[in-house]
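What follows is a short report on a single structure.
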Amino acid sequence: MKDAFSHFGKRRGLFKFLALLVVLVSYFAYLSWTYDFATGGLVSALTWSFFVLCTPIADAGFLIDFPVRLILGLRMFITELFVWVLAISLNLATLKYVPDDYEKSVLTSLLHKILITPWPYWSIIVLCAVGTFLSIHFGDEVVDAVSHDHHLSLRQSRSRYKLIGMAVIFVVVLVLYYRLIAMLDVKF
């Protein structure tokens with residue numbers, strides 16, 4: 001049973017990764033066609049960084065985290081730290097050298113507004129960091145449990161309290177996140 005779950009989980013993860021990659025490459029191609037290669041690449045990267053910095057789940061980082069975990073066995077938590085450093089560095093450089101490129105798409109202009117308005121919008125980035133690293137930690141735990149045949153019964157009570165605590169924190173993050181996003185007049 002474990003092997004079937006492990007195989008299904010890897011297959012599902014690979015499919016999700018490939019789907020995200022196709023979306024990113026298609027978006028890059030569209031932007032490069034609309035503007036030029038360099039601007040299209042930068043706006044694509046800024047859009048990726050929006051999903052890294054401004055969504056409370058590790059979705060954009062997944063493009064890097066998942067293959068690195070599969071290939072090198074490096075914990076996704078460590079890789080996600082690198083992803084955040086990359087996303088922050090990209091935005092710092094863009095803010096300094098070509099801030100007008102944020103106005104090329106709706107998401108990047110929203111990202112720009114968040115970045116240049118410390119209060120209260122940097123709170124979105126902080127909440128997203130908490131949510132992202134909680135989800136990554138949870139993902140690492142699941143991968144470890146499946147690949148190392150850990151049973152929940154070994155540390156059942158401690159694991160249960162830990163999961164409940166993580167779930168409560170994650171719900172608080174989501175509620176606060178949606179309230180802050182509503183302040184930006186973003187409609188879902």
TODO: Could you tell me whether the side chain of Tyr102 reaches within less than 4.5 Å of the side chain of Leu95, counting heavy atoms only?
DONE: yes
Report, one line per pair, each donor and acceptor closer than 3.5 Å where one atom sits in a side chain of residues 30-43; sequence neighbours left out.
residue	atom	partner	partner atom	Å
Ser32	OG	Phe28	O	3.0
Thr34	OG1	Tyr30	O	2.9
Tyr35	OH	Lys104	O	2.9
Asp36	OD1	Ala38	N	3.1
Asp36	OD1	Thr39	N	2.7
Asp36	OD1	Thr39	OG1	3.1
Asp36	OD2	Thr39	OG1	3.2

TODO: Indicate yes or no: at least one non-hydrogen side-chain atom of Phe82 is less than 4.5 angstrom from one of Val68.
DONE: no
Task: Gap separating the SG atom of Cys54 from the CD1 atom of Ile181, nearest 0.5 angstrom - done: 7.0 Å
Task: Reported CD-to-CG distance for the pair Glu103 and Asp101, which is rounded to 0.5 angstrom - done: 9.5 Å
Open item on the list: Hydrophobic clustering (ILVMFWY, side-chain heavy atoms < 4.5 Å, transitive) - are Val175 and Val173 grouped together?
Closed with: no
Open item on the list: Return the CG to CG distance between Leu90 and Leu46, rounded to the nearest 0.5 Å.
Closed with: 5.0 Å
TODO: Identify whether Ile116 and Val106 are in the same connected component of the hydrophobic contact network (ILVMFWY, side-chain heavy atoms under 4.5 Å).
DONE: no
- [ ] Taking atom types as modelled, find out whether Tyr27 and Thr47 have a side-chain donor-acceptor pair closer than 3.5 angstrom.
- [x] yes
Open item on the list: The test is side chain to side chain contact (heavy atoms under 4.5 Å, CB included); show your working for Trp48 and Leu86 and say whether it passes.
Closed with: CA-CA 11 Å; Trp48 169 81; Leu86 184 63; 3.8 Å; yes
TODO: Would you name the heavy atoms of Thr132 and Thr55 that are closest together and state the gap between them?
DONE: OG1-O, 3.3 Å
- [ ] Consider only side-chain heavy atoms of I, L, V, M, F, W and Y, link residues closer than 4.5 Å, and tell whether Leu53 and Leu174 are in one cluster.
- [x] yes
For residues 118-127, tabulate all N or O donor-acceptor pairs below 3.5 Å that involve a side-chain atom, not counting sequence neighbours.
residue	atom	partner	partner atom	Å
Tyr121	OH	Met183	O	3.4
Trp122	NE1	Ile114	O	3.3
Trp122	NE1	Leu115	O	2.9
Ser123	OG	Pro120	O	3.0

Open item on the list: Assigning hydrophobic clusters by single linkage (Ile, Leu, Val, Met, Phe, Trp, Tyr; side-chain heavy-atom cutoff under 4.5 Å), is Phe50 placed with Val23?
Closed with: no
Task: Partner residues of Ser105 under the side-chain hydrogen bond (donor to acceptor under 3.5 Å, both in side chains) criterion, sequence neighbours left out - done: Thr108
- [ ] Kindly compute the distance separating CG (Asn91) from OG1 (Thr94), expressed to the nearest 0.5 Å.
- [x] 6.0 Å
- [ ] Determine the minimum heavy-atom distance between Pro56 and Cys128, stating which atoms define it.
- [x] N-SG, 3.6 Å
